[in-house]
2 protein chains.
Amino acid sequence: MTAERAARRRAVPAESVRREEILAIATRIFADKGYASTTVREIADAAGILSGSLYHHFDSKESMLDEVMRAFLDGAVDRYRRTVTKGGDPLGVLRALVHDGFAALGSNPAALVVMINEFNLLVQSPRFAYLREGASETERLWAGVIEEGMRTGVFRSDIDPRMIYRFMRDTIWISVRWYDPDGKNTIEEIADFYLEMLLDGIRVR
Amino acid sequence: MTAERAARRRAVPAESVRREEILAIATRIFADKGYASTTVREIADAAGILSGSLYHHFDSKESMLDEVMRAFLDGAVDRYRRTVTKGGDPLGVLRALVHDGFAALGSNPAALVVMINEFNLLVQSPRFAYLREGASETERLWAGVIEEGMRTGVFRSDIDPRMIYRFMRDTIWISVRWYDPDGKNTIEEIADFYLEMLLDGIRVR
DNA sequence: GTCTATATTGAGATAGAC
DNA sequence: GTCTATCTCAATATAGAC
């Protein structure tokens with residue numbers, strides 16, 4: 001009942017296909033120009049309607065951003081949770097997590113660009129507090145696997161596991177800035193290149 | 001004479017200490033809130049003056065951003081150029097470049113945050129075309145060293161050198177988001193941790 | 001679900017006094 | 001070098017017709 005009441009508070013049911021179209025358009029423009037520099041008029045233009053008509057679908061410009069971020073973060077954290085719950089040897093689980101991260105990137109690059117660009121600004125606002133929670137849970141899941149690998153002697157333990165986690169998270173996420181879906185490497189190949197580099201390094205021994 | 005004429009075209013000589021103070025303040029606020037979401041009134045407030053008075057020092061809000069980015073990028077590229085010109089074995093040069101990158105980060109974290117956050121938006125504007133040139137020269141310098149290392153058999157050559165470069169550049173730059181100048185690790189220590197990870201990997205063999 | 005028309009606010013920037 | 005006062009424009013959002 002709570003969900004039903006929440007849905008009624010919106011301008012229109014969340015399942016509308018038109019709504020999803022507009023949201024995808026908005027995400028792309030947010031990614032290209034930055035959220036603050038995007039005007040509702042631009043979004044409306046790209047959707048082929050007038051700016052006022054947007055407010056039939058959404059409460060505000062901020063609501064659009066909110067939905068995009070929530071959906072993307074939820075999707076990513078879900079993947080990580082499932083992978084860690086499934087369990088296995090730390091090396092295999094870490095490999096799977098890296099592939100999860102790149103898969104989330106590939107599933108909606110524009111949404112990830114927006115999240116990376118706006119994260120620091122948004123976590124300061126109460127409305128976007130869930131971003132901090134999602135980031136915390138992700139760190140717990142990833143760092144836990146790295147620590148277990150250190151305990152069982154699979155990973156070297158002379159570097160702070162949380163620092164390793166941060167370097168990994170940032171490296172994977174930020175690659176969305178140069179990743180080209182139509183380029184010569186698939187997202188899985190890039191994930192494997194990264195894993196090669198991460199696990200064995202670039203030096204010949 | 002050209003430089004003198006250019007200086008006169010500005011509102012006030014570029015050497016003014018007050019000017020540099022205001023620029024540092026603006027940089028910090030740009031980094032915290034994003035350039036587009038920062039108002040000239042906020043900058044003026046933080047500087048203890050009224051917004052109109054800013055225009056005695058700067059032509060526009062965009063001019064402030066321009067000066068910050070230009071100074072930071074020039075400083076970084078200068079370091080890289082010097083290091084590569086000095087030469088040496090590829091492994092040593094790459095180590096030095098990584099330390100250069102982290103040193104640039106440490107020299108002005110706020111400016112780097114602004115550059116990372118606004119880069120994609122700004123390179124689209126003619127005024128900020130120099131960003132693209134700086135990025136290109138950096139890529140040429142770094143990728144050249146990596147390629148030489150591959151030729152001489154120091155680095156593995158089964159991964160595209162430009163992909164290695166991108167992963168490295170992004171990983172170093174983006175760490176400014178969690179780097180804490182008052183934290184327990186110095187910027188040199190973080191650089192060494194990163195080099196350990198990059199060169200030999202995290203897997204025990 | 002979209003349009004017309006408009007209310008309202010807040011932004012960057014300027015002119016001239018001190 | 002800063003302040004007072006203000007211009008001008010563009011942005012989000014709303015109300016009601018179709």
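The model shown is predicted, which means the values in this text are computed figures rather than measured ones. Computation of the quantities below employed the complete heavy-atom set of this structure, encompassing side-chain atoms and omitting hydrogens, waters and symmetry-equivalent molecules.
Across all strands, Thr38(A) comes closer than 4.0 Å only to sugar-phosphate atoms, never to a base (heavy-atom distances).
At whole-Å resolution of the value, CD in Glu62(B) and C1' in dA11(C) are 15 Å apart. The nearest whole Å value for the distance from the CZ atom in Phe58(A) to the C1' atom in dT12(D) is 16 Å. Going from atom NZ of Lys33(A) over to atom C1' of dA10(D) covers 13 Å, rounded to whole Å. In this structure, Lys61(A) atom NZ and dA11(D) atom P are separated by 9 Å, rounded to whole Å. Separating the NE2 atom of His56(A) from the P atom of dA15(D) is a distance of 16 Å, rounded to the nearest angstrom. Note: NE2 (His57(A)) to P (dC3(C)) measures 10 Å, nearest angstrom. The distance from atom CE of Met64(B) to atom C1' of dG12(C) is 10 Å, rounded to the nearest whole Å. One atom, CD1 of Ile22(A), and another, P of dG1(C), lie 9 Å apart when rounded to the nearest Å.
Taking the side chain of Ser51(B) as heavy atoms from C-beta on, and the options dA13(C), dT2(D), dG1(C), the nearest nucleotide is dA13(C). The side chain of Ile49(A) has dC3(C) as its nearest neighbour among dC3(C), dC3(D), dT12(D). With dT4(D), dT4(C), dT2(D) as the choices, the nucleotide that has an atom nearest any side-chain atom of Leu50(B) turns out to be dT4(D). Of the candidate nucleotides dT2(C), dA13(D), dT2(D), dT2(D) has the atom lying nearest to any side-chain atom of Ser53(B). When the nucleotides dA11(C), dT2(C), dT12(D) are ranked by their closest atom to the side chain of Tyr55(A), dT12(D) comes out on top.
Listed pair Ser60(B) / dG12(C) fails the phosphate criterion, with no side-chain N or O lying under 4.0 Å from OP1 or OP2.
Contact detail for Val68(A) and Ala111(A): the closest heavy-atom pair is CG1-CB, 3.9 Å. In terms of heavy atoms, Pro90(A) sits closest to Val145(A) at O-CG1, 3.6 Å.
Comment: Arg162(B) does not engage Asp160(B) in a salt bridge, judged by the lack of any side-chain N to carboxylate O separation of less than 4.0 angstrom.
The aromatic rings of Phe167(A) and Tyr194(B) sit tilted relative to each other, their planes meeting at an angle between 30° and 60°. Using bins of under 30°, 30° to 60° and over 60° for the plane-to-plane angle, the ring pair Tyr80(B)/Trp173(B) lands in the tilted bin.
Not a single donor-acceptor pair, N or O on each side, falls under 3.5 Å between the base of dG10(C) and the side chain of Arg41(B).
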